[in-house]
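So the structure is just underneath, and the comments pick up after that.
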Amino acid sequence: MANPPPEPELSTHHLTTVPPGVNQDEFAELIPYITEFHTYPVGPGQCSSLLVQRIHASGDVVWSIVRRFEKPQTYKHFIKSCSVKEGFQMTVGATRDVNVISGLPAATSTERLDILDDARHVFGFSIIGGEHRLRNYRSVTTVHGFEREGRIWTLVLESYVVDVPEGNTEEDTRLFADTVVKLNLQKLAAVTESKARDGDGNK
């Protein structure tokens with residue numbers, strides 16, 4: 001008996017709806033970035049999501065925090081510590097070892113820097129090892145500064161694709177990952193808005 005054909009991969013649908021917290025004009029400017037960086041092939045047993053955070057600080061201030069691959073604990077809630085190898089250089093292919101706080105279904109995570117584009121403010125990493133349940137997790141973050149009529153603000157887009165663990169549903173997996181990403185983005189907003197108020201965003 002012939003094997004059934006494999007289920008087709010589906011692409012993410014992040015372009016079909018305006019994310020919460022983004023107006024239509026902003027979304028129109030973001031579409032090229034969503035197309036290039038936040039659209040994934042999603043196979044059976046995977047899920048993906050795109051989240052947006054509005055921040056009242058300049059894009060340069062926000063990017064100065066996001067790009068620090070070796071210091072994710074600056075704005076990521078659940079990281080206890082992060083270490084990099086001696087002689088670490090922040091280039092694509094570099095890795096970091098993260099220790100996660102107790103209480104989460106994870107203990108450690110080894111992560112690889114996949115994208116670091118200082119000109120376009122694009123950052124991406126993937127989880128390649130460790131003790132956790134986020135198998136084949138890949139994430140991309142893009143930072144978009146806006147200025148209108150003397151007002152300055154930033155929209156941060158973070159998307160991911162990840163395997164659904166055995167015994168979990170796609171909805172449960174997305175809810176867990178979305179919650180972690182949302183909390184991290186909210187802390188990113190608090191940290192960068194504080195830096196902008198203090199006038200030390202370039203430090």
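No experiment lies behind these values; they were computed from the predicted model shown.
Between R120 and T142 there is no side-chain heavy-atom pair separated by less than 4.5 Å. In this structure, R197 and H56 have side chains that are not in contact, with every pair of non-hydrogen atoms separated by 4.5 Å or more. In this structure, N136 and V162 have side chains that are not in contact, with every pair of non-hydrogen atoms separated by 4.5 Å or more. With contacts defined as side-chain heavy-atom distances shorter than 4.5 Å, the pair V52/V156 does not qualify. H144 has its side chain within reach of L30: a pair of non-hydrogen atoms, C-beta onward, lies under 4.5 Å apart. Taking the side chain as every heavy atom from C-beta outward, F146 and L155 approach each other to under 4.5 Å. Proximity of F123 to I115: side-chain heavy atoms (C-beta onward) are nowhere separated by under 4.5 Å. With a 4.5 Å cut-off on side-chain heavy atoms, I55 and L188 count as touching.
Aromatic ring centroids of Y33 and H38 lie 6.0 Å or more apart. The six-membered or imidazole ring of Y160 lies near that of Y137, with a centre-to-centre distance under 6.0 Å.
Here H121 pairs with D60, W63, V143 under the side-chain contact (heavy atoms from CB on, under 4.5 Å) rule; sequence neighbours left out. For Q53, there are no side chain to side chain donor-acceptor pair (under 3.5 Å) partners two or more places apart in sequence or in a different chain. With sequence neighbours left out, the side-chain contact (heavy atoms from CB on, under 4.5 Å) criterion links D25 to N23. Scored by the side chain to side chain donor-acceptor pair (under 3.5 Å) test, T141 finds no partners at all (sequence neighbours excluded).
Within the structure, the salt bridge (charged side-chain N to carboxylate O under 4.0 Å, His left out) test picks out no pair touching residues 37-53 (sequence neighbours left out). Judged as a salt bridge (charged side-chain N to carboxylate O under 4.0 Å, His left out), the pairs with a partner in residues 134-158 (not counting sequence neighbours) are, in order, E29-R148.
Counting all heavy atoms, side chain and backbone alike, T74 lies closest to K187 at O-CE, 3.7 Å. Across all their heavy atoms, F37 and S159 have their closest contact at O-OG, 4.2 Å. In plain terms, the two heavy atoms of A57 and V62 that are nearest each other are CB-CG2, 4.4 Å. Scanning all heavy atoms of the two residues, the minimum distance from G124 to L113 falls at O-CD1, 3.5 Å. Nearest heavy atoms, R96 versus F69: NH1-O, 2.6 Å. The two atoms that bring C82 and V98 nearest to each other are SG-CG2, 4.2 Å, heavy atoms only.
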Take V140 and V122 through the test side chain to side chain contact (heavy atoms under 4.5 Å, CB included) and record every step on the way to the result. CA-CA 7 Å; V140 176; V122 184; 4.0 Å; yes
Given side-chain hydrogen bond (donor to acceptor under 3.5 Å, both in side chains), test T110 with D97 step by step and report yes or no. CA-CA 5 Å; T110 300; D97 292 309; 2.9 Å; yes
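Following chains of ILVMFWY side-chain contacts shorter than 4.5 Å, one can reach V66 starting from M90, so the two form part of one hydrophobic cluster. The hydrophobic cluster containing L51 also contains L183, counting ILVMFWY residues as joined when their side-chain heavy atoms lie under 4.5 angstrom apart, directly or transitively. Criterion: ILVMFWY side-chain heavy atoms under 4.5 Å apart, direct or through other members. Under it, V61 and I152 are not part of a common hydrophobic cluster. L134 and V164 fall into different hydrophobic clusters, defined by Ile, Leu, Val, Met, Phe, Trp and Tyr side-chain heavy atoms under 4.5 Å apart, directly or through other members.
Taking CD1 from I127 and CD from E111, the interatomic distance works out to 5.0 Å, rounded to the nearest 0.5 Å. From F125, atom CZ reaches atom OG of S139 across 4.5 Å, with rounding to the nearest 0.5 Å. For the atom pair CZ (R67) and CG (D117), the distance works out to 10.5 Å, reported to the nearest 0.5 Å.
The main-chain N or O of I31 is found under 3.5 Å from a side-chain atom of T35 such that the two form a donor-acceptor pair.
At a cut-off of 3.5 Å, with distance as the only test, a side-chain donor of S126 or D114 sits close to an acceptor on the other residue. If you check the side chains of T108 and N99, you find no donor sitting under 3.5 Å from an acceptor.
Under the 4.0 Å criterion applied to side-chain N and carboxylate O atoms, R68 and E70 are assigned as salt-bridge partners. Using a cut-off of 4.0 Å between Lys/Arg side-chain N and Asp/Glu carboxylate O, D172 and R174 are scored as not salt-bridged.
Between V181 and the options L185, N184, D178, a side chain to side chain contact (heavy atoms under 4.5 Å, CB included) holds for only L185.
The environment of CD in E166 is sparse: at most 12 heavy-atom neighbours from other residues, nucleotides or ligands sit within 6.0 Å.
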